[in-house]
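Structure first, then comments.
Numbering starts at 1 and runs along the sequence shown. Computed over heavy atoms, backbone and side chain alike; hydrogens, waters and symmetry mates excluded.
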Amino acid sequence: MSNSIKIIPFGGVRENGKNMYAVEVENQIFILDAGLKYPENELMGIDVVIPDWEYLRQHKDKIVGVFLTHGHADSIGALPYFLMDFNVPVFGSEMTIALAKLAVKSHKEVKKFNDFHVVDATTAIDFNDVTVSFFQTTHTIPETLGVVIETSEGNIVYTGDFKFDQTAAKGYQTDLARLAEIGSQGVLALLSDSAGAGISGTSAREKDIGEYVKETFKHQDGRIIVASVASNIMRIQQIIDAAVAADRKIVLSGKDLEQIVNTAMSLGKLKLPKDLLISMKEADQLDPSQVVVLETGKMGEPIKSLQQIASGDNPKLHMTDNDLVFVTTTPSYAQETEVQKTKDMIYRTGAEVKFISDDLNPSGHANQNDEQLMLNFMKPKYFIPIQGEYRLLNKHAQLAEEVGIPADRIFITAKGDVLTYKNGEFHLGDHIDVGNTMIDGTGIGDIGNIVLRDRRVLSEDGIFVVVATIDRKKKKIVARPQITSRGFVFVKTNHQLMKQSADLVEKVVQENLDQKEFDWSHLKQDVREKLNRFLFDQTKRHPVILPVIMEINQHAKRKGKKNNDEAKKDNSSNKEKKSNNGHHRGRGRGRKHDKQGQNKKNNNKN
């Protein structure tokens, strides 16, 4: 009897980043990566986006572990949030686990979690009738691994991020013999990286990138501010080597970067002279031609950090006319607008800007030739392109057809699609709801589409607040509507618009009060709709309109006043009764006053 197998993508398909896939074999679920992605421009105020794993909560007893391919945010970024819901073991290479621990310790809810397991390309782990093993690949961070889930039906292979580079240094090299071995065992399904499917030419070799960085440093007279992803260990090593060759010192700017560099050094993954790193204070005492500032941002992404420096919001670092801002990362397509904005801000400071991607293709992902080579190594029965937008998944599918994989055995999936293996074949079965979980500050998943829509409208047309006070019993407006506008129009120069708006609100409110049946929700909706039409006719804008209707009861107020007057009379009567019935009290007060009066007389005499 064949095993029941399901493959479910929770992220990483039809998008950049947020890689997370579940492979379910019988009653065991294997989680492949748990990554995040940085938000697109329309996700206003959102810090990061992680997968939605509601389905996994319903089957949490089946999860046997999380298997990480490498230490970049698109692979481990969601791990702390995942561990808040699932207390399961985490597997990865030494470098990957070290970075995963850093990510987890930064979240107080799970900072004590310590069920981590270091594996390598020789490791094989048995889970009942399933064995999980690994193979080494080339990426921009050392000890990147692919994952093999060995079942009785064949291997399910997840490549993670990879490329082929024959000049890769030790620790970054792909084990080609191991790839051939896995393929010869029989691959039932291959989940392969598609992020570089749009690269038709040859990707730059890391050896060539290292020489390019050295040449850039060599021909720069002033200070160099290098922007890089903190976890791109290969690029950081190239920057270190270039700084040593140019006789420059390096300043590490940012807590995340310092932690990652220190971790990589302790594991022997970074090599640098002891006196190379200096503080910003020490750098200020040196000539700018002797200084390199290595800059990353929150969670390692440097673009926002560069904006802060260019706008003067970074208290420790300011750009000057003779600086070179050298961007050694390739930002995602989702950040293209931010990249252009950042360039403009830097040029305004007088500094120069240089992007490594303008001269080279420094991608850490497989190009088209690499992707077809991986397919030929694996010779999969079924192919699922992953990690990329739809156009890249589609291009990767076309490349698979070119090497002989039938189109009906290629699945371009969406989040929540369930690929089910039954009767010797994979087919697209049920679909589960898998959305995005948005992280905003400390809030996890409390920002939804409605909130984002309101933020978008507020950013475009502002807010218009109307406050009216009514007496419902008397059916009249007690106070003329007060109007407050933010981000819509400047009130002081639009008196006529404010007056007409107040008149309209007053009319609408009175019409609702005059009706036989009064309804609060209908009143607010009526104000909102009619005011919205009026403001659009006048300004061609649709602000967020917030009607605030307050009610007072004037009858109750007067009745209360009458009661108070009566209460005062009652108190006076009680005082008279007490005065008549309590002679000793009266005499006591009288003697006190007499004594005070006597004292006054004695003082006058003196």
Side-chain angles (χ1 to χ4, degrees), residues 39 41-46 52 54 433 435-564:
N41 296 324
E42 63 266 20
L43 296 181
M44 299 177 177
I46 301 301
D52 167 28
E54 182 58 35
D433 290 331
N436 290 324
T437 301
M438 285 164 275
I439 310 296
D440 186 2
T442 59
I444 303 173
D446 57 350
I447 304 295
N449 291 331
I450 295 175
V451 174
L452 287 175
R453 182 196 64 194
D454 288 344
R455 287 184 178 184
R456 191 174 300 114
V457 173
L458 285 169
S459 72
E460 293 171 353
D461 293 323
I463 188 170
F464 201 79
V465 182
V466 180
V467 181
T469 306
I470 64 172
D471 185 333
R472 190 152 52 104
K473 290 188 176 180
K474 281 193 167 185
K475 294 184 177 292
K476 73 173 187 177
I477 298 174
V478 176
R480 179 171 171 78
Q482 300 296 312
I483 294 176
T484 303
S485 171
R486 292 291 182 272
F488 174 55
V489 294
F490 187 46
V491 175
K492 289 185 178 180
T493 58
N494 288 274
H495 290 297
Q496 188 63 25
L497 180 63
M498 298 298 108
K499 180 181 179 302
Q500 291 174 348
S501 299
D503 291 341
L504 175 62
V505 172
E506 196 169 10
K507 178 183 176 183
V508 173
V509 171
Q510 190 61 55
E511 288 175 351
N512 277 265
L513 288 171
D514 292 339
Q515 292 179 5
K516 188 173 182 180
E517 294 185 4
F518 179 85
D519 182 81
W520 283 103
S521 60
H522 181 271
L523 169 60
K524 290 185 177 181
Q525 187 62 26
D526 201 16
V527 170
R528 193 179 290 112
E529 288 179 356
K530 292 182 179 177
L531 190 56
N532 184 52
R533 285 198 296 268
F534 170 74
L535 292 176
F536 182 75
D537 289 340
Q538 298 296 316
T539 65
K540 303 304 178 189
R541 303 177 198 167
H542 285 296
V544 174
I545 298 173
L546 295 180
V548 179
I549 311 298
M550 298 186 295
E551 180 186 15
I552 65 169
N553 192 330
Q554 293 177 315
H555 296 285
K557 188 175 180 181
R558 283 199 295 273
K559 185 177 180 180
K561 185 177 180 181
K562 182 179 179 181
N563 290 339
N564 288 337

Item checked: pair E506-Q510: side-chain heavy atoms closer than 4.5 Å -> no
Checklist line | NZ on K476 to CG on D471, rounded to 0.5 Å | finding: 6.5 Å
Note to self: Testing the basics here: between T437 and D52, what is the closest heavy-atom pair and its distance to 0.1 Å?
What the structure shows: OG1-CA, 3.6 Å
Notebook entry, point to check: Quick one: CD on Q500 to CG on N494, what's the gap to the nearest 0.5 Å?
Noted result: 10.5 Å
Margin query: Return the CG to CG distance between L535 and L497, rounded to the nearest 0.5 Å.
Written below: 6.0 Å
Next item on the list: Might you point out which heavy atoms bring I483 and V466 nearest each other, and give the distance in Å?
Entry: CG1-CG2, 4.3 Å
Next item on the list: Nearest 0.5 Å please: distance from the CD atom of Q515 over to the CG atom of N512.
Entry: 5.0 Å
Margin query: Per the ring-ring contact (aromatic ring centres under 6.0 Å, His included) rule, what does the pair list look like for residues 462-481, sequence neighbours excluded?
Written below: F464-F488
Notebook entry, point to check: Which pair of heavy atoms, one from V509 and one from L523, lies closest together, and at what distance?
Noted result: CA-CD1, 3.8 Å
Notebook entry, point to check: Which heavy atom of L513 sits nearest a heavy atom of K475, and at what distance?
Noted result: O-NZ, 2.9 Å
Margin query: Quick check: closest heavy atoms across R528 and P547, and the distance to 0.1 Å?
Written below: NH2-CD, 3.6 Å
Next item on the list: Taking all heavy atoms of A502 and all of P481, pick out the closest pair and write down the distance.
Entry: O-CG, 3.8 Å
Note to self: With a 6.0 Å cut-off (strictly less than), is the heavy-atom count around CG of D514, excluding the residue itself, greater than 12?
What the structure shows: yes
Margin query: Nearest 0.5 angstrom please: K530 NZ to I545 CD1, how far?
Written below: 13.0 Å
Notebook entry, point to check: Hey, does F534 have a side-chain heavy atom less than 4.5 Å from the side chain of V508?
Noted result: no
Next item on the list: Could you tell me whether D503 and R480 make a salt bridge, using a distance below 4.0 angstrom between a side-chain N and a carboxylate O?
Entry: yes
Notebook entry, point to check: Between NZ of K524 and CG of L546, what distance do you get to the nearest 0.5 Å?
Noted result: 9.5 Å
